[in-house]
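Order of the sequence lines fixes the chain letters, A, B, ..., with proteins taken first and strands second; residue numbering starts at 1 for each chain.
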2 protein chains.
Amino acid sequence: MSPFSPLDPLLHSQLRLAVMSLLIGVDEAEFTFLKEQTQSTAGNLSVQLDKLEKAGYIEITKSFRGKRPLTTCKITQKGVTAFESYVENLKKYIE
Amino acid sequence: MSPFSPLDPLLHSQLRLAVMSLLIGVDEAEFTFLKEQTQSTAGNLSVQLDKLEKAGYIEITKSFRGKRPLTTCKITQKGVTAFESYVENLKKYIE
DNA sequence: TAAATAGGTTTATATTATAAACCATTTTAT
DNA sequence: ATAAAATGGTTTATAATATAAACCTATTTA
């Protein structure tokens with residue numbers, strides 16, 4: 001038996017992992033907040049958020065604040081579970 | 001300031017991380033041992049070992065055991081340091 | 001002596017990450 | 001009033017990566 005469990009490829013990505021890490025600690029977060037916290041480009045962030053949403057790990061809500069578009073992200077229960085089990089698996093690699 | 005340090009892309013790979021994780025606990029390890037422990041294909045393992053060697057994270061020694069080729073791997077001090085700081089950085093993502 | 005096994009490497013392909021270019025709108029400066 | 005810059009993103013193209021498939025050389029077994 002291998003001592004290593006497979007790591008969810010969707011979470012084993014620096015930017016997506018950082019996003020999930022941020023979202024797990026808050027109720028919800030805006031696109032611009034995620035962008036500045038992760039130091040990512042908007043394009044990269046947009047793509048990665050899409051993937052997380054398609055996987056059902058986050059929900060993305062589009063609205064307006066005043067006249068400006070506003071993108072808000074929230075982790076789902078499925079996302080929380082996936083994140084937690086990713087972390088459990090990862091620990092076997094780094095202990 | 002971003003709360004996330006960049007993760008060494010060489011180590012942020014499931015197979016290479018597993019290899020480093022194994023090597024850090026032993027004096028040296030054979031190709032076939034790494035292959036079975038990581039459940040990887042020989043081709044994939046060969047490629048990833050090459051990258052680790054080129055980065056100076058491991059040393060690869062080729063010899064024979066009896067008449068058969070034998071590939072042995074050993075982590076370097078540079079590799080130990082890189083692994084440790086990768087783990088430190090990673091913790092910020094998963095705490 | 002043919003077939004299977006060992007111990008790999010090389011090459012091709014699919015996936016991923018990333019940056020660059022773009023778009024619509026709003027705000028600021030002239 | 002109009003041009004220029006900023007906001008808040010998306011889409012597309014490219015580069016990097018991971019992975020598997022094919023291959024190679026030699027050895028052992030049937």
Side-chain angles (χ1 to χ4, degrees), chain A residues 2 4-21 28-55 57-74 82 86 89-90 93, chain B residues 2 4-21 28-55 57-74 82 86 89-90 93:
Chain A
S2 169
F4 304 108
S5 317
L7 300 175
D8 182 345
L10 230 105
L11 294 181
H12 198 63
S13 136
Q14 182 167 337
L15 182 48
R16 289 193 300 270
L17 187 63
V19 165
M20 294 293 281
S21 175
E28 55 181 31
E30 297 173 12
F31 186 95
T32 51
F33 173 79
L34 295 175
K35 179 172 178 291
E36 72 186 25
Q37 290 289 306
T38 59
Q39 307 269 72
S40 61
T41 61
N44 193 9
L45 183 57
S46 179
V47 169
Q48 307 310 329
L49 289 179
D50 249 34
K51 291 183 187 176
L52 290 172
E53 186 187 34
K54 271 164 190 150
Y57 290 180
I58 67 171
E59 273 169 17
I60 300 181
T61 306
K62 285 174 185 305
S63 60
F64 284 86
R65 175 162 48 206
K67 297 171 171 181
R68 295 263 168 92
L70 178 65
T71 298
T72 307
C73 304
K74 188 170 165 54
Y86 171 80
N89 290 336
L90 188 60
Y93 291 73
Chain B
S2 168
F4 304 108
S5 318
L7 299 174
D8 182 346
L10 230 104
L11 294 180
H12 197 64
S13 136
Q14 182 167 337
L15 181 49
R16 288 193 301 268
L17 188 63
V19 166
M20 293 294 281
S21 175
E28 56 180 31
E30 296 173 12
F31 186 96
T32 51
F33 173 79
L34 295 175
K35 179 171 178 292
E36 72 186 26
Q37 290 289 306
T38 59
Q39 306 269 72
S40 60
T41 61
N44 194 9
L45 182 57
S46 178
V47 169
Q48 306 311 328
L49 289 180
D50 248 35
K51 291 182 187 177
L52 290 173
E53 185 187 34
K54 270 164 190 152
Y57 290 180
I58 67 171
E59 273 170 16
I60 300 181
T61 305
K62 287 178 182 304
S63 60
F64 284 85
R65 175 163 49 206
K67 297 171 171 181
R68 294 266 168 90
L70 177 66
T71 298
T72 307
C73 304
K74 189 170 164 56
Y86 171 81
N89 290 335
L90 188 61
Y93 291 73

Chemist: Between CG of L90(A) and OG of S21(B), what distance do you get to the nearest 0.5 Å?
Modeler: 10.0 Å
Chemist: Quantified as the angle between the terminal helix axes (five pairs each), what is the overall bend of the helix from dT1(C)-dA30(D) to dT30(C)-dA1(D) to 10 degrees?
Modeler: 10°
Chemist: So which atom in H12(A) and which in Q14(B) form the shortest heavy-atom distance, rounded to 0.1 Å?
Modeler: NE2-N, 3.8 Å
Chemist: Mind checking the OG1-CD spacing from T41(A) to Q48(A)? Nearest 0.5 Å is all I need.
Modeler: 9.0 Å
Chemist: At what distance, to the nearest 0.5 angstrom, does CD of E36(B) lie from CG of L45(B)?
Modeler: 11.5 Å
Chemist: Could you pick out which residue, N44(A) or T72(B), lies toward the 5' side of DNA chain C when each is mapped onto its nearest nucleotide?
Modeler: T72(B)
Chemist: Starting from P on dT15(C), measure out to CG on L7(A) and report it in whole angstrom.
Modeler: 19 Å
Chemist: Which whole-number value in Å describes the distance from L34(B) CG to dG8(C) P?
Modeler: 10 Å
Chemist: Tell me whether the OP1 or OP2 atom of dA17(C) has a side-chain N or O from Q48(A) closer than 4.0 Å.
Modeler: yes
Chemist: Please state whether the phosphate of dG8(C), meaning OP1 or OP2, lies under 4.0 angstrom from any side-chain nitrogen or oxygen of T71(B).
Modeler: yes
Chemist: Please report the closest heavy-atom contact between L10(A) and K51(A), naming both atoms and the distance.
Modeler: CD2-O, 3.8 Å
Chemist: Return the value, rounded to whole Å, for the distance between atom CZ of F64(B) and atom P of dG7(C).
Modeler: 12 Å
Chemist: Just the table, please: protein N/O against nucleotides 1-7 of chain D N/O, every pair under 3.5 Å.
Modeler:
from	atom 1	to	atom 2	distance (Å)
dT7(D)	O3'	R68(A)	NH1	3.1

Chemist: Could you tell me the separation between the CD atom of E30(B) and the P atom of dG8(C), rounded to a whole number of Å?
Modeler: 8 Å
Chemist: Report the distance from atom CG of L49(A) to atom SG of C73(A), rounding to the nearest 0.5 Å.
Modeler: 4.5 Å
Chemist: Is any side-chain nitrogen or oxygen of K62(B) closer than 4.0 Å to OP1 or OP2 of dT9(C)?
Modeler: yes
Chemist: Given that G43(B) and L10(B) both sit by DNA chain D, which one's nearest nucleotide is further toward the 5' end?
Modeler: L10(B)
Chemist: Which distance, rounded to the nearest 0.5 Å, do you find between the CD1 of I58(A) and the CG of L34(A)?
Modeler: 8.0 Å
Chemist: Got a donor-acceptor contact below 3.5 angstrom from the T72(A) side chain to the A29(A) backbone?
Modeler: no
Chemist: According to a strict under-4.0 Å criterion, is R16(A) in side-chain N/O contact with OP1 or OP2 of dA17(C)?
Modeler: yes
Chemist: Take the protein atom CG of L15(A) and the nucleotide atom P of dA19(C), then report the distance between them rounded to whole Å.
Modeler: 10 Å
Chemist: So S46(B), base contact, sugar-phosphate only, or nothing? Heavy-atom distance under 4.0 Å.
Modeler: base
Chemist: What is the separation between atom NZ on K51(A) and atom P on dT18(C), rounded to the nearest whole Å?
Modeler: 10 Å
Chemist: So what does L45(A) touch, heavy atoms closer than 4.0 Å: a base, only the sugar-phosphate, or nothing?
Modeler: nothing
Chemist: Ignoring the backbone of F31(B), work out which of dT10(D), dT18(C), dT9(C) is nearest its side chain.
Modeler: dT9(C)
Chemist: Would you mind reading off the distance between D50(A) atom CG and dA17(C) atom P, rounded to a whole angstrom?
Modeler: 13 Å
Chemist: Send over the distance from Q39(A) CD to dA19(C) C1', rounded to a whole Å.
Modeler: 16 Å
Chemist: So, does K67(B) get its side chain near the phosphate of dT25(D), meaning an N or O under 4.0 Å from OP1 or OP2?
Modeler: no
Chemist: List the atom of T38(A), the atom of S40(A), and the distance in Å for their closest heavy-atom pair.
Modeler: OG1-OG, 2.9 Å
Chemist: Should the pair Y93(B) and F4(B) be assigned to parallel (<30°), tilted (30 to 60°) or perpendicular (>60°) ring geometry?
Modeler: tilted
Chemist: It should be established whether S13(B) places a side-chain nitrogen or oxygen under 4.0 Å from OP1 or OP2 of nucleotide dA18(D).
Modeler: yes
